Amino acid sequence: MSNMSVTWWGHSTLWLADSGSTLLTDPVLTDRLAHLRRVAGPTPRLPGEPDAILLSHLHADHFHVASLRAVPGKPALIVPRGAGAFAAKALGPGAAGRIVELAVGEQTAVGAVKVRAVPAAHDGGRGPWSRERALAIGFVVEGSARTWFAGDTGL
């Protein structure tokens, strides 16, 4: 029997609880982001402070700076290799010490779960207006269950 739960809040935002660790993925915690508008369900209200936030790539609908600033506590930020400097600058003082950069195949521990970066077939740049670039990745979270969070990926 698994000690894991997943709550989906739209697009790529999940609250994943496994083995006593809580993870938040690609948080968009607003009703609107540029031309995207939440049309079903309420704006997410986090049930607490996550232990870590998994960020799959730099696109604004996955790496939403305003939502990241609204997350309570000081969770670890697990980002693709090369995205750490952007994350530290965007989130301000104190963020750099919480950032963990992962390349495909690398992993880190968040409490009792392992978080491993896996390949994603997607453009990882911030957008056409930006020079910020890092590879897009997905994550496999292993605790009492094994969960694949793809972020944005093609087949």
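These numbers come from the heavy atoms of this one structure, side chains and all, not from hydrogens, waters or symmetry mates. All values reported here derive from a predicted model rather than from experimental measurement.
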Asker: Just by distance, with hydrogens left out, do Asp26 and Thr13 show a side-chain donor and acceptor under 3.5 Å apart?
Answerer: no

Asker: What are the two closest non-hydrogen atoms of Ile99 and Ala88, and how far apart are they?
Answerer: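 That would be CD1-N, 3.5 Å.
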
Asker: Find the distance between CG (Leu55) and CD (Glu101) and round it off to the nearest 0.5 Å.
Answerer: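 Taking CG in Leu55 and CD in Glu101, the distance rounds to 11.5 Å.
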
Asker: Parallel, tilted or perpendicular: which one describes the rings of Phe149 and Phe139, with boundaries at 30° and 60°?
Answerer: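 It falls in the parallel class, under 30°.
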
Asker: To the closest 0.5 Å, what do you measure between CG (Leu24) and CG (Leu14)?
Answerer: 8.5 Å

Asker: Gly151 and Ser56: which non-hydrogen atoms are nearest, and at how many Å?
Answerer: CA-OG, 3.6 Å

Asker: What pair of heavy atoms forms the shortest contact from Ala117 to Ile137, and how long is it?
Answerer: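 Closest approach of Ala117 to Ile137, heavy atoms only: CB-CD1, 3.8 Å.
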
Asker: Yes or no on side chain to side chain contact (heavy atoms under 4.5 Å, CB included) for Val118 and Val104, after CA distance, side-chain angles and deciding distance?
Answerer: CA-CA 5 Å; Val118 295; Val104 170; 5.6 Å; no

Asker: Can you see which heavy atom on Ala150 is nearest to which on Ala120, and at what distance?
Answerer: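 Smallest heavy-atom distance, with atoms named: O-CB, 4.3 Å.
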
Asker: Does Arg69 use its side chain to pair, donor to acceptor, with the backbone of Ala90 at less than 3.5 Å?
Answerer: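 At least one qualifying donor-acceptor pair exists.
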
Asker: Under the side-chain hydrogen bond (donor to acceptor under 3.5 Å, both in side chains) rule, collect the residues that match up with Thr22, sequence neighbours excluded.
Answerer: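 Asp51.
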
Asker: Among Asp18, Thr147, Val6, Val110, find the residue that satisfies the side-chain contact (heavy atoms from CB on, under 4.5 Å) test when tested with Leu23.
Answerer: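 Result for side-chain contact (heavy atoms from CB on, under 4.5 Å) with Leu23: Val110.
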
Asker: State whether Arg116 and Glu106 are salt-bridged, where the test is any N-O pair (Lys NZ or Arg NE/NH1/NH2 against Asp/Glu carboxylate O) under 4.0 Å.
Answerer: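 Not counted as a salt bridge, because no side-chain N and carboxylate O are separated by less than 4.0 Å.
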
Asker: How about Ser19 and Asn3: does a side-chain donor come under 3.5 Å of a side-chain acceptor?
Answerer: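 No donor-acceptor contact under 3.5 Å links the two side chains.
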
Asker: Please check if the number of heavy atoms outside Arg146 that lie under 6.0 Å from its CZ is greater than 12.
Answerer: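 No, because the 6.0 Å sphere around CZ of Arg146 holds 12 heavy atoms or fewer from other groups.
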
Asker: Apply the side-chain contact (heavy atoms from CB on, under 4.5 Å) test between Val71 and each candidate in Leu46, Leu77, Leu91; give the one that qualifies.
Answerer: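 Going through the options one by one, the only one that passes is Leu46.
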
Asker: Step by step, would you call Val115 with Leu54 a side chain to side chain contact (heavy atoms under 4.5 Å, CB included)?
Answerer: CA-CA 9 Å; Val115 177; Leu54 310 182; 3.8 Å; yes

Asker: Below 4.5 Å, heavy atoms only, C-beta onward: do Trp8 and Trp15 meet side chain to side chain?
Answerer: no

Asker: Do Leu16 and Val141 make a side-chain contact, defined as non-hydrogen atoms from C-beta onward lying under 4.5 Å apart?
Answerer: yes

Asker: Indicate the atoms forming the closest heavy-atom contact of Ala145 with Met4, along with that distance.
Answerer: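 It is CB-CE, 3.9 Å.
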
Asker: If you take all heavy atoms of Pro27 and Ile53, which pair is closest and at what distance?
Answerer: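 Heavy-atom minimum between the residues: CD-CG2, 3.7 Å.
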
